[in-house]
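Each chain gets a letter, A, B and so on, in the order the sequences are listed, and its residues count up from 1.
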Amino acid sequence: MKSAQENSWLAPDHLEKEIERNEFPVARGEDVIGRLAVIRLEKGDTLPDIARHFSLGINAISAANPGVDVWVPEAGERILLPLNFILPDTPRKGIVVNLATKRLFQFKEDKNSLVVSTYPVGVGTKERPTPTGQMRVARKAARPTWYVPASIAEDHRKKGDLLPAQVPPGPLNPLGEYALYLSKSGYLIHGTNKPASIGLNASNGCLRLYPENVEMLFNDTPVNTPVLIVNQPYLIGQRDGVVYLEAHTPLEDSGAVELEKVYAKLKNFEKKSAAALDWKRVKEVQAEARGIPVPILEMSQGRAKGAAKIIEVEHPAALYGRPELPELKLEAWYVLAADLRDEIEALRIAAIINHQGPPIPARVLTKSNGYRVIAGPFNDMSEAKDAAKRLKIDLEIDGILIEPVKKG
Amino acid sequence: MKKSLLLIAMMFVLASMIGCATSGDLEKVQAQQNLINAKAEQALQDAQAAKAAADEAKVKADETSARADNAVKQAEERERIADEKAKKADAVFQKSMKK
């Protein structure tokens, strides 16, 4: 338990309608952009929906709100929006991707000022990681065709899902509507047909963005733009005379080395500052790994403006990109996905089905002694069978087809 | 002889000073004894009842405590199962997000 003083900077200052989420000015000599905010959840909200509306990855919103149910959070609960970022320790040029924070930064010089656009990304898995290092954008394509790599085709074949050699543009194309091909062959920055995967280690090494973000990046990035991919789980930065530490859960095996680097930097800051660094606090921030910049040191006491206050954001009337749920129709086909006694479990399964890519509409129907998760409506048996097949392959759910109600 | 006469005289004097117990006195003593006995019996019964009540309360308290322990264990188990289900659902979801 933190003392009230230690966490007082997390208390919201005032209520605002909107908050900047993608584009920030970078002041000279400063490394911290954006600000933290909180929002009060409404009934039916899920963390992936809130994350997408505010251009955050599911990793970021989960880490910032430990203990909050991702799929069935409590209505009225106030959650933290980690829209405050420490820039990676790299040259501020072109595109920089930090794999540990799962965030892309695009630096743009505008006369004498520097502006950065930032977007959350989905990255490669442990088995097929995203490569680090310096590369560039080799070419770009709108509405790209996906040429299915042999390794992915084989993975799908094992699950009983035969993929075609190529997938044309459309809802089934995992590249989405835009692709930036990197100079490292076989790796792309692209959109997605699975927006809920942003912030996860779910790709085969490519970098995925939300559809709305990749469009902005695509339009704003010339061919030959340098792209630097780094892995920095611990970030240190200064703003208004305050030193911040941002800690993320490190990727496999990279934690100890990165921690040594950051401790060396902190010792250097401590030497320059008049105040002593609270190393216990540093270790707590590192262990908690909430992915938010935490103030740890004032460089020159009395002259520092202090840590930035956080704001409360109004819940929008509609969350951008939230899966839509069509009305029930008697003449439609459905798939019974689950029959459960626990409501939370039923709601969680329905939410997960809703967030598949492409989405499968699903809802919970109450019965006398439990809850049913019903996917649909589907126009015909073939659509319903396709959905049942996807439920089986992707979610290991054995769905039961429900025929339309026959008109008397 | 003189000594014997003196002793008899003294016994008469003493008897006249103390007086002899009448049948009324004896009944009174008997009644008092009965009352005390009854009170003792009542006290004994009360004590036994109190002990029995205390024993019963202890049994109930022990039972309640055991049931509370059991309820906590069951709640913990339910929470563990719910957590496990949530984690399993999340793992399946993450797998489903691959290409």
Side-chain angles (χ1 to χ4, degrees), chain A residues 47-48 58-59 62 67 69-72 122 124-125 127-128 146 148-149 151-153 155-156 159 163 167 173-175 190 192-206 208 338 340 342 344-345 347-357 360 390-391 393-397, chain B residues 30-99:
Chain A
L47 291 197
I58 186 64
N59 63 319
S62 298
D69 193 317
V70 171
W71 299 106
V72 198
T125 59
E127 297 77 26
R128 294 188 180 133
W146 182 43
V148 183
S151 57
I152 298 176
D155 286 353
H156 279 254
K159 293 191 286 183
L163 289 179
V167 180
N173 189 325
L175 301 185
H190 59 75
T192 184
N193 64 345
K194 295 177 190 284
S197 70
I198 302 307
L200 296 178
N201 292 76
S203 79
N204 291 287
C206 289
R208 296 176 186 176
L340 301 157
D342 184 68
I344 300 287
E345 211 184 324
L347 289 169
R348 181 180 296 119
I349 290 176
I352 287 176
I353 295 173
N354 272 318
H355 287 81
Q356 291 300 295
I360 301 172
R390 284 180 57 204
L391 291 178
I393 290 173
D394 292 337
L395 297 171
E396 299 161 24
I397 289 173
Chain B
Q30 193 72 45
Q32 278 175 348
Q33 278 180 359
N34 287 347
L35 198 63
I36 290 164
N37 243 339
K39 276 194 168 179
E41 185 62 29
Q42 185 63 49
L44 186 66
Q45 280 178 14
D46 286 353
Q48 280 173 346
K51 190 178 178 300
D55 286 351
E56 198 185 325
K58 190 180 179 304
V59 168
K60 274 186 186 168
D62 288 350
E63 246 177 45
T64 309
S65 177
R67 276 164 62 189
D69 281 351
N70 206 24
V72 169
K73 271 185 200 158
Q74 280 181 353
E76 281 172 356
E77 182 62 6
R78 276 199 300 273
E79 205 175 309
R80 189 189 65 75
I81 290 169
D83 264 6
E84 240 171 49
K85 279 183 181 170
K87 275 185 191 152
K88 196 181 162 203
D90 224 36
V92 172
F93 165 73
Q94 293 205 18
K95 218 173 106 190
S96 76
M97 287 293 106
K98 291 182 183 176
K99 253 179 205 154

_Option among E396(A), Q356(A), H355(A) that satisfies the side-chain hydrogen bond (donor to acceptor under 3.5 Å, both in side chains) test with S96(B)_ = Q356(A)
*Would you sort out whether F93(B) and I58(A) count as a side-chain contact (heavy atoms from CB on, under 4.5 Å), showing the intermediate values?*
CA-CA 12 Å; F93(B) 165 73; I58(A) 186 64; 5.7 Å; no
_Within residues 52-64 of chain B, which residues come under 4.5 Å of chain A, heavy atom to heavy atom?_
none
*Against chain B, work out which of D394(A), T192(A), N201(A) has the most heavy-atom pairs shorter than 4.5 Å and name it.*
D394(A)
_Atom group of L200(A) that falls short of 4.5 Å from chain B, counting heavy atoms_ = side chain
*If you look at every heavy atom in M97(B) and A196(A), which pair is closest and at what distance?*
SD-C, 3.9 Å
_Surrounding CD of E77(B) (heavy atoms of other residues, nucleotides or ligands, distance under 6.0 Å), is the total greater than 12?_
yes
_Exceeds 12 heavy-atom contacts within 6.0 angstrom, atom CZ of R80(B)_ = yes
*Going from NZ on K85(B) to CD1 on I344(A), what distance comes out if it is rounded to the nearest 0.5 angstrom?*
12.0 Å
_Euclidean distance, K159(A) NZ relative to K95(B) NZ, rounded to 0.5 Å_ = 7.0 Å
*Proximity breakdown for T125(A) and chain B, heavy-atom pairs closer than 4.5 Å*: side chain
*Do the side chain of K99(B) and the main chain of V148(A) share a donor and acceptor less than 3.5 angstrom apart?*
no
*Could you state the interatomic distance from CG (D342(A)) to CD1 (I81(B)), rounded to the nearest 0.5 Å?*
10.5 Å
_Counting only non-hydrogen atoms closer than 4.5 Å, does R390(A) touch chain B with its backbone (N, CA, C, O), its side chain (CB onward), both, or neither?_
neither
